Amino acid sequence: MPTFRTSRKPSSQASQATQAPVHYRIEAADPHARLFTVTLTVAHPQEQQELSLPVWIPGSYLVREFSKNLQRLSAQQGRRVPLLQLDKHRWRATCRTDRPLVLTYEVCAYDSSVRTAWLDASRGFFNGTSVCLRVHGQEDAPHALEVASTAATAHWSVATGLTPQSIDKRGFGSYAASHYDELVDCPVEMGTFWSGQFTACGVAHRFVVAGAAPSFDGKRLLADTQKICETAIRFWHGKGKGKPPIKNYLFMLNAVHDGYGGLEHRNSTALICGRRDLPRTGEARASDGYTTLLGLISHEYFHTWNVKRLRPAEFFRYDYSQENYTQLLWFFEGFTSYYDDLLLRRAGLIDDATYLKLLAKATNQVLQTPGRSVQTVAQASFDAWVKYYRQDENTPNATVSYYTKGSLVALCLDLTLRREGKTTLDDVMRALWKRCAGGPMTEADLRAELASLAGRSFDNELDQWVHSTAELPLAELLAAHGVALKPEQPQLAQRLGLRVTENHSVQLKTVLRGGPAEKAGMASGDEWLGLQVQGQGWRIARLEDVAFYAGAATQVTAVVARDGRLLQLPMALPAAQAAVAPGKSKPAGQRSRKATAATPDTISLTATDSTALGRWLA
């Protein structure tokens, strides 16, 4: 097994890193205070040198104002240099051009997510967008990062996708980046983590895990991740037909009590999962949580190609100072979401039944979102900055996830292409990679490759599935590939139009558009305490209590608490309705003015033709 690149490099390279035009020294100065100390040296500053800290991190489309965590900024050139703050994240230093400019500052690191920075007595983590000021005018110059060891980190190790220049056996020392974009696209993990290695198609991979329980089976995680990586590399490049765009790759996983998420980077990814979702020694069958984790690993690794290199033309050069808009997240996140579980199946990590169960889950998430009839998936991509990443009680009513609906668009395209027999979505993805040289692309590129490989235009399908709120032809296309879409009886929450949490009472998280709960006057944040049925009052602790106490009654009075007041809300309980497949119509008397009422809230998927299904999933 080849060694992941962490060995000490020749001193000449170390000197190059130290003498880089832009050099950062970062140390965990005070873990208990959650403070990183940063020293930034600009070898050749401008007379009016501007500096700024990004307001967002690529891959997470929300302005997060990282500068709120920066403090004690000062500048020196042998003497104090005047600093003028220009706005929330920019400063200007008035300095001499014949001397290095040295800035020092602190960053408070208390966010345990994958997006910013974290520091305590047992672990450190940071993204460059949270800690590294951008030196305006020198973004394309070589950058160096020195991760310094302190007394508090004497027993820690360091892991990062940056190129090592002069490091010790624990990974502390100097790393090089070709430019600022590369520097901030390689997060750093620090601590007493577990570490393992494997090779996939000739590429060295490393996996580090922080916070794992003693029952953690690292050997299984490595073996399963290796299968995912090999499957993804062969998807994009075939067997020996092309080289991956990476020389090595790093997975950084933080195992916590309860959490889930990931963020892609150019040759690494930062992940979070619940400790109980890690594989356990002696566990014969993969848990649902572990399968979900493998899907996350597959998703972020697929992004190595689809969004980090093949990317929206609007992301040709990131603007770290403001939102970067694109209508193509349905492609880059949605198509990646289609392939993440599909590649698990192709890698042999899940069976057909498990794959169909995961696909049904994604389908149900879209069908149970009224916002799909309000906003197209292209519009949802553009509005990610203000809707997807700023979710509230109205989000399901106003928008649709470009992840889940985008994955269903990919499904429909793939199944349509396969049914017509000339090509597949796999071929289209590889053709796009070649057409765009693994770089910026537009929707026009996708339309051109679909037409070229399929022998006809797919403009009508993309206009309907991406740029309108029309329903997707899921039942028809799945049936042609050996899968039956079966409508299921919706659960009471769906029939009432509610999303709730239950803990001694029913707390309303979301009131869905057009449902009985909305018509009764219920609102997000209400606490549903009880109901009155035929003159009798009943206390409820769970939603199922509503059906139990209501019996055959169709009219009840819901008792809810709102802002310290008790309200009595007359409510018509919905009768059980016959489920109808997507694209079909309900009987005339059951039709609604809303398009969403013509589809079921819950479906299941069942294999009917194993041969046809096998051709699709192979």
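Please read all numbers here as calculations on a predicted model, not as lab measurements. Any value given below was found using the heavy atoms of this structure, including those in side chains, with hydrogens, waters and symmetry copies removed.
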Donor on one side chain, acceptor on other, Glu314 and Thr326, under 3.5 Å = yes

Between Arg266 and Asp185, is there a salt bridge with N-O shorter than 4.0 Å?
-> yes

Give, for atom CZ of Phe335 and atom OG of Ser407, the distance between the pair rounded to the nearest 0.5 Å.
-> 9.5 Å

Within a strict 4.5 Å, meaning less than it, do heavy atoms of the Phe332 and Asn306 side chains meet?
-> yes

Could you check whether the rings of Tyr325 and Phe382 sit parallel, tilted or perpendicular, using 30° and 60° as the cut-offs?
-> parallel

Between Arg499 and Glu393, is there a side-chain N and carboxylate O pair less than 4.0 Å apart?
-> no

Hey, does the Lys NZ or Arg CZ of Arg317 hover above the aromatic six-ring of Phe315, less than 6.0 Å from the centre and inside 45° of the axis?
-> no

Residue set satisfying side chain to side chain donor-acceptor pair (under 3.5 Å) with Asp414, at least two apart, ordered chain then number -> Tyr338, Arg418

Is the shortest side-chain N to carboxylate O distance from Arg345 to Asp351 below 4.0 Å?
-> no

Taking the side chain as every heavy atom from C-beta outward, state whether Val55 and Phe66 have any pair of such atoms under 4.5 Å apart.
-> no

Are the side chain of His205 and the backbone of Val203 linked by a donor-acceptor contact shorter than 3.5 Å?
-> yes

Side-chain donor or acceptor of Arg430 paired with backbone N/O of Phe235 under 3.5 Å | yes

Is there a donor in the side chain of Thr376 and an acceptor in the side chain of Arg372, or the other way round, less than 3.5 Å apart?
-> no

Does the side chain of Leu446 reach to within under 4.5 Å of the side chain of Met441, using non-hydrogen atoms?
-> yes

Check step by step if side chain to side chain contact (heavy atoms under 4.5 Å, CB included) holds for Phe125 and Asp111.
-> CA-CA 9 Å; Phe125 172 84; Asp111 184 347; over 6 Å; no

Sole residue of Leu478, Leu474, Leu358 in side chain to side chain contact (heavy atoms under 4.5 Å, CB included) with Leu605 | Leu478

Check whether any side-chain heavy atom of Leu263 lies under 4.5 Å from a side-chain heavy atom of Ile57, and answer yes or no.
-> yes

Is the side chain of His89 donor-acceptor paired with the backbone N or O of Leu53 at a distance under 3.5 Å, no angle test?
-> yes

Between the side chain of Asp392 and the main-chain N/O of Thr395, is any donor-acceptor distance below 3.5 Å?
-> yes

May I ask you to say whether Arg419 pairs ionically with Glu476, meaning some side-chain N is under 4.0 Å from a carboxylate O?
-> yes

Going through the checks in order, is the side chain to side chain contact (heavy atoms under 4.5 Å, CB included) test met by Thr608 and Val483?
-> CA-CA 5 Å; Thr608 58; Val483 178; 5.8 Å; no

When you check the gap from the basic side-chain N to the acidic O, do Glu461 and Arg456 get nearer than 4.0 Å?
-> yes

